[in-house]
Amino acid sequence: MKILVLNSGSSSVKYRLFDDGTTIAKGLIERIGESGGDASDHTEALQHVMESVNLDGLGAVGHRVVHGGTEFSDATVVDDTVATTIENLIPLAPLHNPAALSGIEVARKLLPDVPQVAVFDTAFHQSIDPAGVTYAIDADLADRWQIRRYGFHGTSHAYVARETAALLGLPATSAKVITLHLGNGASACAVSGGRSAATSMGMSPQSGLVMGTRSGDIDPTVIFHLHRVAGLPLDEIERSLTRFAGLQGLTGDNDMRTIQQRRDKGDPAATLAFDVYTRRIREYIGTYLAILGGADAITFTAGVGENAPAVRAAALQGLSPLGIEIDPERNNRGDRIISPDGAPVTVCVIPTDEEAEIARQVAEKLTT
Ligand SMILES: Nc1ncnc2c1ncn2[C@@H]1O[C@H](COP(=O)(O)OP(=O)(O)O)[C@@H](O)[C@H]1O
Ligand SMILES: CC(=O)OP(=O)(O)O
Ligand SMILES: [Mg+2]
């Protein structure tokens, strides 16, 4: 089956065209809406995509949708009701759901006879126990306003956990894997037997690890303080915590490559940011070892996880008493397995492939 996968981000659209699982075309439209960018808005971006690939015989379009609430635990064919649900969830994923929705709207308009299938970042985490998704706040308020942990990057965590089990020759149904998706957004996940048991992002993709422009975990009182004492309007606080926090907030740069170059030259802000970023990863590894009762493997993935040996080494520093060690040569080469032979916990680097996983789930949805 020929499947077009769209991964619409806040300022970019990644697309891949698959034919029976093989990539036959792909591309990236960047800096949407910026001066000198590839397109003035998502509609124009998608029009470019449709014009540049041969869509004859297209069987489906698969869309990455970040927030699916509790409604969806599987790939879902989009109808008006599904589109409305995605729209209603915009307040919980303000950087992500609007882009996915415009992708869906444009694709439905331009390809009205082709099934549109949404694959949700949240779906994989629907397996987490109630105790792992419930915030200890007023239960009536939480219930009324759907306040709970949802978790994100599920497509990526599911994919790399499965690939890790395969690499180690472990049955996917029993492997215990801690997956670290370190991209622009970043999250950790404890995967037990192929099911998500815990994850670091929460109601929105804002909590947990330190990210390119997002803070990760903070005390919620920071928001009251910035509002009441510093006098900042709520919209401005949200903007600050989602777009001007994380590495960006600590250094003025959101790209880990730049942070590393500055750190290598002894820049104190970049050094601190690197330490905050890698320490937070280590804190979550400790948490998830406790949740899983030990782990067979720890797997790094996404832009930073796949390409930054120094981040991997720093994140796992001092963990050898827990059986977690890195072989520096393997780490610097970026081998698939970067722990020494015979180490109790295997440390892996596995490139994520959200688009291939989306295509796989779309094909499965439409053929079974
Ligand atoms: N060689 C590298 N060393 C360190 N970080 C890198 C390297 N290459 C890419 N990155 C980081 O990866 C991030 C993007 O990751 P990616 O998974 O592509 O993000 P997303 O899909 O969320 O946009 C960049 O912001 C950059 O910081
Ligand atoms: C959910 C999320 O944070 O996605 P991304 O990493 O693509 O921003
Ligand atoms: Mg990403």
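Just follow the structure's listing: the first ligand is 1, and inside any ligand the first atom is 1. Here, residue 1 is the first one in the sequence, and each next residue gets the next number.
More than 12 non-hydrogen atoms from other residues, nucleotides or ligands lie less than 6.0 angstrom from CZ of R162. Residue-environment remark: CD (Q47) exceeds the threshold of 12 foreign heavy atoms within 6.0 Å. Atom CZ of R239 has 12 or fewer heavy atoms from other residues, nucleotides or ligands within 6.0 Å.
Between G303 and ligand 1, an N or O atom pair is found at a separation short of 3.5 Å. Looking at D255 next to ligand 1, an N or O pair under 3.5 Å apart turns up. Close N/O approach between P205 and ligand 2 is not found [any backbone or side-chain N/O within under 3.5 Å]. For the pair R214 and ligand 2, the shortest N or O to N or O distance falls below 3.5 Å. Between N184 and ligand 2, not a single N/O pair is under 3.5 Å apart.
Of the options K14, Q261, M256, the smallest heavy-atom separation from atom 27 (O) of ligand 1 is shown by M256. The heavy atom nearest to atom 22 (O) of ligand 1, out of those in L182, N184, L28, T301, is found in N184.
A salt bridge does not link R108 with D79: none of the charged nitrogens is closer than 4.0 Å to a carboxylate oxygen. A salt bridge is absent between K365 and D74: the closest approach of a Lys/Arg side-chain nitrogen to an acidic carboxylate oxygen does not fall below 4.0 angstrom.
Put simply, the side chain of Y277 reaches to within 4.5 Å of the side chain of L182, judged on heavy atoms.
With a 4.0 Å heavy-atom cut-off, ligand 2 is reached by the side chain of D121 but not by its N, CA, C or O. Under 4.0 Å from ligand 2, not a single heavy atom of M211 appears. Contact annotation: for R64 versus ligand 2, heavy atoms closer than 4.0 Å belong to the side chain alone.
Under a 4.0 Å heavy-atom criterion, Q260 is in contact with ligand 1.
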**Message:** The test is salt bridge (charged side-chain N to carboxylate O under 4.0 Å, His left out); show your working for E364 and R360 and say whether it passes.
**Reply:** CA-CA 6 Å; E364 192 178 84; R360 192 188 68 78; 3.4 Å; yes
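The aromatic rings of Y150 and H67 sit perpendicular, their planes meeting at an angle over 60°, well past the 30° parallel limit.
Remark: T221 pairs with D219 by the side chain to side chain donor-acceptor pair (under 3.5 Å) rule, at least two apart or across chains. Annotation: side chain to side chain donor-acceptor pair (under 3.5 Å) contacts of E283 (sequence neighbours excluded): R279.
Numbered from 1 in the order shown, with element, the atoms of ligand 2 that lie under 4.0 Å from a heavy atom of M201 read 3 (O). Atoms of ligand 1 lying under 4.0 Å from any heavy atom of A308, numbered from 1 in the order shown and given with element: 4 (C). Less than 4.0 angstrom separates some heavy atom of G185 from each of these atoms of ligand 2: 3 (O), 6 (O), 8 (O). When each atom of ligand 1 is checked for a heavy atom of A302 under 4.0 Å away, the hits are 17 (O).
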